[in-house]
Chemist: 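Below: one structure in C-alpha cells.
Not measured: the values here are computed from a predicted model. The analysis underlying the following values was restricted to heavy atoms, covering all of them including side chains, and did not include hydrogens, waters or symmetry mates. Here is how names work: the chains are called A, B, and so on, in the same order as the sequence lines, proteins then strands, and each is numbered from 1.
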There are 2 protein chains.
Amino acid sequence: MVEAILDAAARILEEGGIGALGTNAVAQRAGVSIGSLYQYFASRDSILAELIRIDHARLLAELQQAAAKAGGRSLAESVRLLVEVGVSHQLERPELARALDYVEPTLSLDDETVAIERAINGIVLTLLKASVPSLRGRALEVAAADVAALSHGMIDAAGRRGETDRRALVERVSRAVTGYLSPVD
Amino acid sequence: MVEAILDAAARILEEGGIGALGTNAVAQRAGVSIGSLYQYFASRDSILAELIRIDHARLLAELQQAAAKAGGRSLAESVRLLVEVGVSHQLERPELARALDYVEPTLSLDDETVAIERAINGIVLTLLKASVPSLRGRALEVAAADVAALSHGMIDAAGRRGETDRRALVERVSRAVTGYLSPVD
DNA sequence: GTCTATACGCGGATAGAC
DNA sequence: GTCTATCCGCGTATAGAC
C-alpha cells in the first residue's frame, strides 16, 4: 500500500512535475481512495519527504559500495567509480531526480534524511582528503562542494537533453572533476 | 505599472519560491488591484515568461560585451571574462535566478526568448570553436553544453550556500572549465 | 481499513461599478 | 483604466458509512 502510493507519486512527479503532484492524483494513480492515502501519509509533503529519504538512502548505499571498492586506488580511478554511481542514479529516472532536487530545499526533512545527506557529503570529503592531501579545512569543504555541484550540474543537464550514453558522460564528468582538482595538487 | 508588477513578482519569487507566486500576492505587493494586473498580463504564467525574457536579455547583453572584449585573447582569459559575467549575474539575485531556472522548462516561451537563448549558446560555441580548434560538430556542441552546465551548477550551489566572494568563485569555475577543456586540446 | 461524500480555503480569473 | 466584489474550480484534508 505504502509502496503503491510512493510509486504512483514518483510516476506523477516525473510526468508532470511538482505542480501535478496532488493527493487526489496520487490516490487515483495508486488505485486507492484518498481516505486510505491519509491513513498512511499525514500530508502531501510527507509523501515527498519519504520519496526523498528513500532516494537518498539508495544513493548513499551505492556510493558506500563504490567508495569501498575505490580504497587505495588512484584519484582518477576513485573519481570514476563515484561518478559512475552518480550518473547511473540520475539517469535512471532523470525527471524524478530533478523534481526531487528542486523541492528538497523547500521541505523540512526528518533527521534520518539529514543524516544521510551528511554521510554522502562525508564520502566525497574522505576521498578528497585521502587523494589530495594539500586540501585541508575550509578549502577541502569548498572543493567537495564544488566537485559535487559541477558533477550534478553536468549530469542533470545531460539527463534533460535525453542523453543516454552513460559511459561517455562518466568520462566527461570525471575529466571535469580531475581537471578541477589537478592544479590544486 | 508593468514595471511595478514585474518587480513585485521578482521579490515574491526570491522570498517564497514559485509556490508563493500568486496573482493576488503580486498585485498586493505591487500596490495595484488584481483587476489592473490582468489588464497588463494575460495570466500568471505570462508574468513569469516576461521575467525570464528580461533576465535572459540582460545576461545576453553582458555576455556579448564580454565576448567582444575577449576577442583575440587566450582561452583562459576568455573563459574568465565569460565566467565573471555568469557569476555576477547569478549572485546578484541567487534565489530569483534559481526559481526562474526551475520554472523555465515548464513554460512555453515566446520566440524572442528562444532566440535569446540560442544567442547565448552561440557565444559559448563561438568561443570554443575559436580557442579549441580540435572541437568540431557534435563534440563541440556537447562541450559547450558541458561547460555551461558545470559552470551553472557550481555557481548555483555557491549562491545557495550564500557565498559572496565572487573573485574566488570565478577563479574556481574558470579552473573547472579550463581543466575540462585542456585534455581535449 | 477502506470507501464515498463533502467541508473548507485558496488562487486564478472575470464582471461591472466608478 | 482602475477599482471592488465575486465566480469558479481545484486541491487538501476530514467525517462518517460500510
Side-chain angles (χ1 to χ4, degrees), chain A residues 1-54 95-96 98-100 102-110 113, chain B residues 1-55 95-96 98-110 113:
Chain A
M1 170 69 101
V2 168
E3 182 107 5
I5 291 171
L6 291 174
D7 188 64
R11 288 190 213 206
I12 291 169
L13 265 184
E14 65 188 342
E15 283 169 20
I18 187 70
L21 190 82
T23 50
N24 285 311
V26 172
Q28 187 181 351
R29 188 63 168 284
V32 302
S33 74
I34 183 69
S36 296
L37 183 148
Y38 274 95
Q39 279 217 334
Y40 294 91
F41 292 93
S43 69
R44 168 184 169 278
D45 281 0
S46 69
I47 299 177
L48 272 172
E50 181 64 5
L51 278 177
I52 290 174
R53 194 191 61 77
I54 293 173
E95 303 298 334
L96 176 60
R98 179 167 152 68
L100 292 182
Y102 177 74
V103 79
E104 187 192 317
T106 74
L107 257 46
S108 47
L109 301 171
D110 53 311
T113 305
Chain B
M1 170 70 100
V2 168
E3 181 106 5
I5 292 170
L6 291 174
D7 188 64
R11 289 190 211 205
I12 291 169
L13 265 184
E14 64 188 343
E15 283 170 19
I18 186 69
L21 190 81
T23 50
N24 287 311
V26 173
Q28 188 181 350
R29 190 66 169 287
V32 302
S33 74
I34 183 68
S36 297
L37 183 149
Y38 274 96
Q39 278 216 333
Y40 294 91
F41 292 93
S43 69
R44 168 184 169 278
D45 281 1
S46 69
I47 299 176
L48 272 172
E50 181 63 5
L51 277 178
I52 290 173
R53 194 190 62 77
I54 293 173
D55 182 80
E95 302 299 333
L96 175 60
R98 177 166 153 70
L100 293 181
D101 282 341
Y102 177 75
V103 79
E104 188 191 316
T106 75
L107 256 48
S108 47
L109 301 170
D110 54 310
T113 305

Chemist: Write down the distance between CD1 (A/I18) and P (D/dT12), rounded to a whole number of angstrom.
Modeler: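 Atom CD1 in A/I18 sits about 10 Å away from atom P in D/dT12.
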
Chemist: Can you list everything that forms a side chain to side chain donor-acceptor pair (under 3.5 Å) with A/N24? Sequence neighbours excluded, please.
Modeler: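 Applying side chain to side chain donor-acceptor pair (under 3.5 Å) to A/N24 gives none.
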
Chemist: Using salt bridge (charged side-chain N to carboxylate O under 4.0 Å, His left out) as the criterion, list what pairs up with B/E50, not counting sequence neighbours.
Modeler: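 So B/E50 forms a salt bridge (charged side-chain N to carboxylate O under 4.0 Å, His left out) with B/R53.
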
Chemist: Earliest and latest nucleotide of DNA chain C, 5' to 3', sitting under 4.0 Å from a non-hydrogen atom of chain A?
Modeler: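 Listed 5' to 3', the contact boundaries are C/dG1 to C/dA5.
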
Chemist: Figure out the CD1/P separation between A/I5 and D/dA13, and round it to whole Å.
Modeler: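 Rounded to whole Å, this separation is 14 Å.
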
Chemist: With sequence neighbours excluded, tell me which residues meet salt bridge (charged side-chain N to carboxylate O under 4.0 Å, His left out) with B/R44.
Modeler: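 Residues passing salt bridge (charged side-chain N to carboxylate O under 4.0 Å, His left out) with B/R44: none at all.
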
Chemist: Partners of A/D45 by salt bridge (charged side-chain N to carboxylate O under 4.0 Å, His left out), sequence neighbours excluded?
Modeler: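 With sequence neighbours excluded, A/D45 shows a salt bridge (charged side-chain N to carboxylate O under 4.0 Å, His left out) to no residue whatsoever.
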
Chemist: Enumerate the residues from residues 35-44 of chain A whose closest heavy atom to DNA chain C is under 4.0 Å, giving them by residue number; use none for an empty result.
Modeler: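 Result for residues 35-44 of chain A: A/G35, A/S36, A/Q39, A/Y40, sorted by number.
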
Chemist: Mind checking ring-ring contact (aromatic ring centres under 6.0 Å, His included) for A/F41 and listing every partner two or more places apart, or none if nothing turns up?
Modeler: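 In terms of ring-ring contact (aromatic ring centres under 6.0 Å, His included), with neighbours along the sequence ignored, A/F41 is linked to no residue.
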
Chemist: Taking side chain to side chain donor-acceptor pair (under 3.5 Å) as the definition, give me every residue that meets it alongside B/S33, ordered by chain and number, with sequence neighbours left out.
Modeler: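 Once residues adjacent in sequence are excluded, the partners of B/S33 under the side chain to side chain donor-acceptor pair (under 3.5 Å) criterion are B/S36.
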
Chemist: Apply side chain to side chain donor-acceptor pair (under 3.5 Å) to A/S46 and list each qualifying residue two or more places apart in sequence or on a separate chain.
Modeler: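 If we apply the side chain to side chain donor-acceptor pair (under 3.5 Å) test to A/S46, skipping adjacent residues, there are no hits.
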
Chemist: Applying side chain to side chain donor-acceptor pair (under 3.5 Å), can you list everything that pairs with B/T23, at least two apart in sequence or on another chain?
Modeler: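 B/T23 satisfies side chain to side chain donor-acceptor pair (under 3.5 Å) with no residue once adjacent residues are dropped.
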
Chemist: Would you jot down, in residue-number order, the residues of residues 22-34 of chain A having a non-hydrogen atom under 4.0 Å from DNA chain C?
Modeler: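 Residues of residues 22-34 of chain A under 4.0 Å from DNA chain C: A/V32, A/S33, A/I34.
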
Chemist: I'd like to know whether CD of A/E104 has more than 12 heavy-atom contacts from other residues, nucleotides or ligands below 6.0 angstrom.
Modeler: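 Enclosed: over 12 neighbouring heavy atoms sit under 6.0 Å from CD of A/E104.
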
Chemist: Which salt bridge (charged side-chain N to carboxylate O under 4.0 Å, His left out) pairs, counting each pair once, include a residue from residues 1-15 of chain A, with sequence neighbours left out?
Modeler: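 Found A/D7-A/R11, A/E14-A/R93, A/E15-A/R29.
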
Chemist: Using a 4.0 Å heavy-atom cut-off across all strands, classify B/I47 as base, sugar-phosphate, or nothing.
Modeler: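 No contact.
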
